[in-house]
Amino acid sequence: MRVFKQFKELKMDVLKEVGNIGAGNAATALSHLLNKPIDMAVPKVQILRFEEVSDKVGGSEQVVVAIFLRVEGDAPGNLFFILSPKSAKSLLKRLAGIKVANDDSFNDMEMSALNEIGNILSGSYLSALADLTKLSMSPTVPSLAIDMAGAILSYGLLQYGEMGDDALLIDTTFLEGNHEVEGQFFLIPDPESFAIIFESLGVPTEND
Amino acid sequence: MIEQNVVKVAMADLNVIKQYGLIRTSGLGSCIGLTMYDPILHLAGMAHVMLPSSEIAREGELNIAKYADTALPALLERLQKMGSSKSNLVAKMAGGSQMFAFGGQNDTMRIGPRNTESCRAKLQELGIPLIGEDTGGNYGRTIELDCSTGILFIRSVQMGVKEL
């Protein structure tokens, strides 16, 4: 069963803009951290079957580095910042002061640095969103996991599980000039949050 | 390994396989991969359970494969329809981990352990013995049941492959 009737084009555009502003602010923060220009792709807003969500990052068994935080407040939801392990290593190497081992595993120092980067970026994403909507959005302490994408992303779908078998995802990719650092933001607002977000932005809700 | 018949079970789905081949589900986090196996008919069923109870469901048309309390009886029924008898069935399960640890524990974050408990309780109620279990921890799993032997292979990023 579908949770959503497909939103009208205007609403999809509004959600794209939400992703654009959030991720744009985060990209600026990352650009300051790395002292390098960061490019951003046009956000995608999609309604996906649960199984398709992890296909967005290479399938449910693909190992990814993910920083996850729950958004609390007026419009609750889940926010993921996702990197491939290779991108995560490149990102760490570009930050001063961390000695990065060249193997596939991540040591405590690297994990902690990644968690902090995720924290900064997600914080900028959310604060831009809160400014835009004038809604209160407070992030929980972020949590880092390096594991199968399916296992990680399923946490963003639980709120949808009670209602149906698909979820709405606002997906924004950004990359550093030569593609060595590439990351994705997934914002998955709780199903109840959409009406609140639309209302806060003055989008008429009556003609769904 | 030689390429063979593989049945894939998606998230919040269930399926069965007969005589030979593998039935698998990937990327289990807080979800449970539950298998029922009939060693006499070489019949195997698997459910990828996402939530502990259908009581919280607000969906119009219930997806019975998604909830522990509805998926397990549905799986049993599928196997019985294929000729299996309940007294021959044995169950194994894996998953139910807690991938993220948050300070302020709310119920959503404890979903893995709750799924595990709910599956155990339902199996007991159905009278199907649970002969193997690999649940909990903070890591993801992919599982595969070999229909000819009933062996459950559990793969994770950190722990490698485990057999049940």
Side-chain angles (χ1 to χ4, degrees), chain A residues 1-4 48-55 57-70 72 76-78 80 85 104-106 115 118 138-167 190-192, chain B residues 8-13 24-33 48-67 94-112 114-115 137-144 155-159:
Chain A
M1 190 207 116
R2 294 253 149 191
V3 177
F4 305 102
L48 297 170
R49 311 272 310 165
F50 291 158
E51 199 71 4
E52 295 167 337
V53 174
S54 37
D55 290 344
V57 292
S60 61
E61 282 186 272
Q62 184 68 43
V63 176
V64 295
V65 176
I67 290 103
F68 168 51
L69 52 89
R70 174 103 184 116
E72 286 165 352
N78 298 300
F80 293 91
D104 286 342
S105 62
F106 290 82
N115 205 3
S138 50
T140 58
V141 177
S143 187
L144 175 94
I146 301 170
D147 213 311
M148 299 176 187
I152 287 171
L153 288 168
S154 65
Y155 274 82
L157 306 174
L158 296 170
Q159 280 79 14
Y160 284 84
E162 301 165 13
M163 305 185 62
D165 298 327
D166 48 18
D190 286 3
E192 296 83 359
Chain B
K8 232 193 137 212
V9 179
M11 188 173 184
D13 195 10
R24 75 194 301 254
T25 195
S26 57
L28 290 165
S30 60
C31 297
I32 298 275
H48 186 138
V49 171
M50 187 180 176
L51 293 165
S53 165
S54 61
E55 274 166 36
I56 52 164
R58 287 175 286 161
E59 51 188 322
E61 199 183 312
L62 200 68
N63 174 1
I64 50 170
K66 186 160 42 185
Y67 307 94
S97 66
Q98 196 160 353
M99 304 288 296
F100 298 97
F102 285 104
Q105 283 299 339
N106 64 36
D107 253 16
T108 311
M109 294 308 148
R110 270 200 75 253
I111 195 79
R114 283 169 56 213
N115 279 336
N138 63 349
Y139 53 91
R141 298 169 173 91
T142 285
I143 64 167
E144 224 168 53
R155 200 149 42 80
S156 61
V157 176
Q158 299 153 27
M159 312 292 198

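A, B, ... follow the sequence lines: proteins, then strands. Residue 1 opens every chain.
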Original post:
Considering only heavy atoms, which portion of A149(A) lies under 4.5 Å from any heavy atom of chain B: side chain, backbone, both, or neither?
Top reply: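 Nothing of A149(A), per the 4.5 Å heavy-atom cut-off to chain B.
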
**OP:** Using non-hydrogen atoms and a 4.5 Å limit, figure out which bit of L157(A) sits close to chain B: side chain, backbone, both or neither.
**Re:**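 Contact with chain B: backbone and side chain both.
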
Segment of [X] engaging chain A (4.5 angstrom heavy-atom cut-off):
X: D13(B); answer: neither
X: R155(B); answer: both
X: L28(B); answer: backbone

Distance from [X] atom [atom1] to [Y] atom [atom2], nearest 0.5 Å?
X: M11(B); Y: S60(A); atom1: CE; atom2: OG; answer: 9.5 Å
X: N63(B); Y: D165(A); atom1: CG; atom2: CG; answer: 4.5 Å
X: F50(A); Y: K66(B); atom1: CZ; atom2: NZ; answer: 5.0 Å

Original post:
Is any side-chain heavy atom of H48(B) closer than 4.5 Å to a side-chain heavy atom of E51(A)?
Top reply: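 No - every pair of side-chain heavy atoms lies 4.5 Å or more apart.
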
Subject >> Test item: E61(A) side-chain N/O and G27(B) main-chain N/O as donor-acceptor pair under 3.5 Å >> reply: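 No; zero donor-acceptor contacts below 3.5 Å.
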
Original post:
Where the side chain of Y155(A) meets the backbone of F100(B), is there a donor-acceptor pair that is under 3.5 Å apart?
Top reply: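 Pair absent, no side-chain N/O of Y155(A) close to backbone of F100(B).
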
Subject >> Nearest non-hydrogen partners of E162(A) and I56(B), listed with the distance >> reply: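 In this case the closest contact between E162(A) and I56(B) is CG-CD1, 3.6 Å.
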
**OP:** Test D147(A) against Q158(B) for side chain to side chain contact (heavy atoms under 4.5 Å, CB included), laying out the working first.
**Re:** CA-CA 8 Å; D147(A) 213 311; Q158(B) 299 153 27; 4.0 Å; yes

